[in-house]
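Note that these values count all heavy atoms, side chains included, but never hydrogens, waters or copies made by symmetry.
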Amino acid sequence: MIASGSRPRLRRGVRLGYDKVRDRHVMMFPEGVLVLNETAADIVARCDGAATVTEITDALAAAYLGVRYTEVVDVLTRLADRRMIEVADDAG
């Protein structure tokens with residue numbers, strides 16, 4: 001479960017990149033490519049294993065109008081379900 005103190009990071013073998021042809025950010029992984037919208041790309045860019053979900057949400061709220069904690073958690077949950085990120089809880 002992803003909580004406010006969780007610290008998401010990209011899984012091994014997954015990286016964030018930019019596809020010039022699509023003019024979009026993408027997550028590249030061994031099985032393929034996931035095309036991201038701008039907000040999702042900003043969420044993923046902050047998944048460094050150091051920032052908490054709350055810190056990521058606060059940073060996005062400063063950049064985008066109307067960003068909600070539940071929306072950030074939803075994106076992170078979907079990425080975790082697809083095994084593209086891993087999440088450490090606040091304790092470790």
Passes side-chain contact (heavy atoms from CB on, under 4.5 Å), Met84 versus Val44? Steps please.
CA-CA 10 Å; Met84 299 182 79; Val44 171; over 6 Å; no
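- Going from atom CZ of Phe29 over to atom CG of Leu10 covers 12.5 Å, rounded to the nearest 0.5 Å.
- Here the closest non-hydrogen pair linking Asp48 and Arg9 is C-CB, 3.9 Å.
- Note: the hydrophobic cluster containing Tyr64 also contains Leu36 (ILVMFWY, side chain heavy atoms under 4.5 Å, direct or indirect links).
- When the side chains of ILVMFWY residues are joined at heavy-atom separations under 4.5 Å, either directly or via intervening members, Val33 and Val75 end up in two distinct hydrophobic clusters.
- The environment of Arg11 atom CZ is dense: over 12 non-hydrogen atoms of other residues, nucleotides or ligands sit within 6.0 angstrom.
- Note that CD of Glu86 and OG of Ser6 are 12.5 Å apart. Values are rounded to the nearest 0.5 Å.
- To the nearest 0.5 Å, the span separating CG on Leu79 from CG on Asp74 amounts to 9.5 Å.
- Two different hydrophobic clusters hold Tyr18 and Met27 under the rule that ILVMFWY side chains link at heavy-atom gaps under 4.5 Å.
- Between Ala41 and His25, the shortest heavy-atom distance links the atoms CB-CB, 3.5 Å.
- Using a distance-only test at 3.5 Å, with no hydrogens or angles considered, a donor-acceptor pair links the side chain of Arg46 to the main chain of Asp42.
- Here the side chain of Thr54 pairs a donor or acceptor atom with the backbone of Ser4 at under 3.5 angstrom.
- Rounded to the nearest 0.5 angstrom, Leu60 CG and Glu71 CD are separated by 10.5 Å.
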Applying side-chain contact (heavy atoms from CB on, under 4.5 Å) to Glu55 and Arg7, what does each step give before you reach the verdict?
CA-CA 9 Å; Glu55 292 167 340; Arg7 298 177 186 276; 4.2 Å; yes
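- Looking at every heavy atom in both residues, Ile56 comes nearest to Pro8 through CD1-CG, 3.7 Å.
- Between Pro30 and Gly13, the closest heavy-atom pair is CD-O, 3.5 Å.
- Here the closest heavy-atom approach between residue Asn37 and residue Arg24 is recorded as CA-NH1, 4.0 Å.
- Listed here is the closest heavy atom pair of Val67 and Thr57: CG1-O, 4.4 Å.
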With side-chain contact (heavy atoms from CB on, under 4.5 Å) as the test, would you mind laying out the steps for Leu76 and Val87 before giving the verdict?
CA-CA 9 Å; Leu76 293 172; Val87 182; 5.7 Å; no
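- Under a hydrophobic-cluster definition in which Ile, Leu, Val, Met, Phe, Trp and Tyr are linked whenever side-chain heavy atoms come within less than 4.5 Å, directly or via other members, Leu16 and Val14 are assigned to the same cluster.
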